[in-house]
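Heads up, the thing below is written out as structure tokens.
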Amino acid sequence: MTPRIKIIRKVSDPPVVKGFNPYGLELGNQKLEPINLFYEEYEAIRLSDYDMLNHYQASVMMGVSRPTFTRIYASALQKIAKAFVEGRQISIEGGKVYFDSDWYHCKKCGCYFNNPEKENSVINCPLCGNQQIDKFDYENNKTDTINKACYDMCICPECGFEQEHQFGQPCSTQICQKCNSFMKRKGSKNCRNFKNQ
Amino acid sequence: MKVAITSTGDSLESTIDQRFGRCAYFVIYDIESKAIEFIPNPNKDAEEGAGPASVQLVASRNVSKIVSGEFGMKIKSLLDSLKIQMIVLKEPEKKIREIIEMLNHLNLNNSKA
């Protein structure tokens, strides 16, 4: 039986240092093996203690489940405690992670692309070489596409007036332009109780 | 540098495939040597996991960019960890020849500068 495959964890940025060195060690203690802190453990500490997120929010940021995040965090604390008490070096490397990349949009050829190498910033479109590129907010655009994809109609239960449903705005807060009563979603349970039918 | 393009057929006149995992063919184009290779996608009719399997196939050819119409939700994390760039081109009419010409043009400009 092979063990279950680990979900690859998302780390937003690599740490600014590769590790930490203790100073003022007693002689004889200096040849200890360094503690290897994984990138995902560094990220767990950063999210929950530096950004002050709770474990659930942090787990969403890293793309793992809440219990998994708590295990990563616990193991990070244990490693750091061990390094402090035994006076060992900490080296931050390894772990099953990927570094999140940003999306860009080229105005000339209309393509979208990401930049997996964070060290080099993008200047040109990788397809047409144009320099007119924008940073593209993937999350915000997502709601845009849902907005367009919603073809539901709002219907007035009093007079049967219909209008296009606006994404994110409940039908029950919309007011019918003809008879000023509250609208309902077309096709829902109570929308057919017209008075004039 | 190698670039992978998803294609609907095995000729230069075929159009770009709008899906990544279940595209008909992968075109592996080497910008330096101008070599073109068409690989039929074995995951075309896969029930599930076509995306990750296709990533494996493409990554084994050492490409550094992938041009496709759409990438699935499992792909980005894999490609980010392999440091492969994704290029999303939402133009279903675009021919493979045109994309290769664009890449050649870009390479020419870069070598001049």
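In what follows, every chain begins at residue 1, and chains take the letters A, B, ... in the order their sequences are listed. All values derive from a computational prediction rather than experimental measurement. Scope of the values below: all heavy atoms of this structure, side chains included, with no hydrogens, waters or symmetry mates.
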A:Lys79 to A:Phe38 six-membered ring, cation-pi geometry met (6.0 Å, 45°):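 Positive - A:Lys79 is close enough to the ring of A:Phe38 and near enough to its axis.
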Chain A contact via B:Leu82 - which portion, at a heavy-atom distance below 4.5 Å: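 For B:Leu82, neither part sits under 4.5 Å from chain A.
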Heavy-atom proximity to chain A below 4.5 Å, by part of B:Val3: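 For B:Val3, there is no contact with chain A at all, as no heavy atom is under 4.5 Å.
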Validation row: B:Pro42, B:Leu57 side chains within 4.5 angstrom (heavy atoms):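 The answer is yes; the side chains approach within 4.5 Å.
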Common cluster, A:Ile35/A:Ile80, ILVMFWY with side-chain heavy-atom separation under 4.5 Å: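 Each belongs to a different hydrophobic cluster.
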A:Arg66 side chain to A:Thr70 side chain, donor-acceptor N/O pair below 3.5 angstrom: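 Distance-only check passes for A:Arg66 and A:Thr70.
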Between B:Leu78, B:Leu79, B:Val67, B:Ile84, the one whose heavy-atom pairs under 4.5 Å with chain A are most numerous: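 Between B:Leu78, B:Leu79, B:Val67, B:Ile84, the count favours B:Ile84.
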